[in-house]
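What follows is a single structure, written as structure tokens, with notes after it.
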Amino acid sequence: MKSMLNSPLPSPGYQHGRSLDKLDTIQRMMVMVRGACAGEVVLNEACNDVIDIVPVDPSLIWFRRETGTSRLTPWQFVKNPSPRSGEEWFGSYKKIDTPTFIYEEFDPMVDDPYGRTPMLLFFKSFSSTCRCCRT
């Protein structure tokens, strides 16, 4: 699988890097900046093989509780929505196919699926230090 992901897809256009090292770096940066990382596994048409793993910006993910079950369901914000038949939408948010979606939060609050960035502590201490230096 690693050699398959490290090889480029056949395409006549621009091809972004697809190595697992790059995917790992992107996910680690998302955890540091956003407090979570997310991605989607892209399957072939027969749904029996992985074609790609695409990083998803966790800041575009909104969790909504289903009525009746209170189960959290992920929805992704789409800037210019163009709904197709069979897709479920809530305003500009599209319901995500959960079997192929991965979301991992860092240091979440109790009963809250969103993570907290580890950089938050740095920013808080930096701003308080700046306030102390001014006086």
Those residues at least two apart in sequence (or on a different chain) that pass side chain to side chain donor-acceptor pair (under 3.5 Å) with Arg64 are none
Interatomic distance, Leu20 atom CG to Thr25 atom OG1 [nearest 0.5 angstrom]: 10.5 Å
Who passes ring pair (Phe, Tyr, Trp, His ring centres under 6.0 Å) against Phe90, sequence neighbours left out? Trp62
Result block: side-chain N/O donor-acceptor pairs under 3.5 angstrom for residues 29-47, not counting sequence neighbours:
residue	atom	partner	partner atom	Å
Arg34	NE	Asp57	OD1	3.1
Arg34	NH2	Asp57	OD2	3.3
Glu40	OE2	Thr100	OG1	3.4
Asn44	OD1	Ala46	N	3.4
Asn44	OD1	Cys47	N	2.8
Asn44	OD1	Asn48	N	3.0
Asn44	OD1	Asp49	N	3.4
Asn44	ND2	Asn48	OD1	2.8

Separation between CG of Leu60 and CD1 of Ile96, rounded to the nearest 0.5 Å: 9.0 Å
If I take atom CD1 from residue Ile53 and atom CD1 from residue Ile26, how far apart are they, to the nearest 0.5 angstrom? 11.5 Å
Contacts table for residues 71-84: side-chain donor-acceptor under 3.5 angstrom, sequence neighbours left out:
residue	atom	partner	partner atom	Å
Thr73	OG1	Glu66	OE2	2.8

CZ of Phe63 to OH of Tyr93, rounded to nearest 0.5 Å, is 12.0 Å
Stepwise side chain to side chain contact (heavy atoms under 4.5 Å, CB included) check, Tyr103 with Val56: CA-CA 9 Å; Tyr103 182 93; Val56 176; over 6 Å; no
Contacts of Glu104 meeting side chain to side chain donor-acceptor pair (under 3.5 Å) (sequence neighbours excluded), chain-then-number -> none
For the CD atom of Glu87 and the NZ atom of Lys94, what is their distance to the nearest 0.5 Å? 4.0 Å
